[in-house]
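The structure appears right after this line, and notes come after that.
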Amino acid sequence: MEQIKGVKLFELEAALLLPGFLYSFNIADFKRRNCHFGHRVGDADIAELDDLIAAAARPDGTARRIGGDRWLMLSGSNANERVQDLLNRYQRAEPFTSGWRIRATRDGEERIADTPLATVIRRAVRCLYTEVASAERLAPAIAALEENNWGLPVNRPYPLSQLSAQPRARWQCVDQYPKYEDPPCPFCGARQFEWIGGDDCISDGMCKDCGAEISIDFIR
């Protein structure tokens, strides 16, 4: 509901500035960054990008955050240079230790084992844009950008008109993980588990050999 409300408010603001250039932004692989760094860092990432997009729109346009990690911006003129500048300022690469941590609990005792790997974690944005001539074409253009702003090169404004020539590719913020395989149970060394739950960041289960409760997640 909030995203729909945000889009409608943006349409009202942007319609007054047409014709112009419409840009859609999203933080690439944002969910994975949140899994590693937590929501406090994620909130700071959002606030920083929100300020940069607002500044890029300010000379002759408007911008609005329309979802958790998604923005729309309308500029009365081609803003590719301004947009590229904000993308350059926002991107980041940091040394990072990735890998898997297995926690096992049995009879009140907990054991932990890590599989670490030194790598790099990155922060990046996808940006798709198109020219919009009139208010009647604004809503369809927004829908087209939002539907297609995935699997594109990061840290550059990409034209909607060239979308058919661009192969989609999955991008992730962590350069490399250790090869994933079920790690040995810290109690008995077995690798056979019965998985019973979890989410995108963690897997929960039980060791089939010794009955230990098992939890596997990212090293943080």
For [X], side chain to side chain donor-acceptor pair (under 3.5 Å) partners two or more places apart:
| X | answer |
| --- | --- |
| N149 | S24, N26 |
| D217 | none |
| S134 | E136 |

Restricting to pairs with a member in [range], which pass ring-ring contact (aromatic ring centres under 6.0 Å, His included), not counting sequence neighbours?
| range | answer |
| --- | --- |
| residues 118-139 | Y23-Y129 |
| residues 142-171 | none |
| residues 28-68 | H36-F96, H36-Y177, H36-F218, F37-F96 |

May I ask you to test the [X]-[Y] pair for a side-chain heavy-atom distance under 4.5 Å?
| X | Y | answer |
| --- | --- | --- |
| R64 | E13 | yes |
| N148 | R168 | yes |
| C188 | C207 | yes |
| V120 | Q176 | no |
| I214 | D204 | no |
| I142 | V132 | no |
| I216 | I202 | no |
| V83 | C127 | yes |

message: Is it the case that over 12 heavy atoms from other parts of the model lie below 6.0 angstrom from the CG atom of N88?
response: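 Result for CG/N88: enclosed.
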query: Of all heavy-atom pairs between F193 and P184, which one has the smallest distance, and what is that distance?
result: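 Nearest heavy atoms, F193 then P184: CZ-C, 4.4 Å.
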- request: Specify the closest pair of heavy atoms between C185 and A212, including all atoms of both residues, with the distance to one decimal.
  value: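 Taking C185 first and A212 second, the nearest heavy atoms are SG-CB, 4.3 Å.
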message: Under a plain distance cut-off of 3.5 Å, with no hydrogens placed, do Q84 and N80 share a side-chain donor-acceptor pair?
response: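 Judged by distance alone, the side chains do not pair up.
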query: Are side-chain N/O atoms of Q91 and N155 paired as donor and acceptor at under 3.5 Å?
result: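 Result is yes, a qualifying pair exists.
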task: Start with the C-alpha gap between L117 and T97, add the side-chain angles, then the distance that decides, and say whether side-chain contact (heavy atoms from CB on, under 4.5 Å) holds.
output: CA-CA 5 Å; L117 176 71; T97 299; over 6 Å; no
By salt bridge (charged side-chain N to carboxylate O under 4.0 Å, His left out) - contacts of [X] (at least two apart):
| X | value |
| --- | --- |
| R111 | E109 |
| D60 | R82 |
| D114 | R101 |
| R58 | none |

task: Validate the cation-pi geometry between R123 and Y90: distance from NZ or CZ to the six-membered ring centre under 6.0 Å, angle to the ring axis within 45°.
output: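 Output yes; distance and angle both within limits.
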field: Linked hydrophobic residues, I219 as query - side chain contacts closer than 4.5 Å
entry: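 When side chains under 4.5 Å apart are linked, I219 ends up in no cluster with other residues.
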From R191 atom CZ to I102 atom CD1, the distance as rounded to the nearest 0.5 Å: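 If we round to the nearest 0.5 Å, R191:CZ and I102:CD1 are 9.0 Å apart.
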field: Distance (rounded to the nearest 0.5 Å) between I27 CD1 and E48 CD
entry: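 That separation rounds to 9.5 Å.
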field: By side chain to side chain contact (heavy atoms under 4.5 Å, CB included) - contacts of D50 (at least two apart)
entry: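 If we apply the side chain to side chain contact (heavy atoms under 4.5 Å, CB included) test to D50, skipping adjacent residues, the hits are R65, W71.
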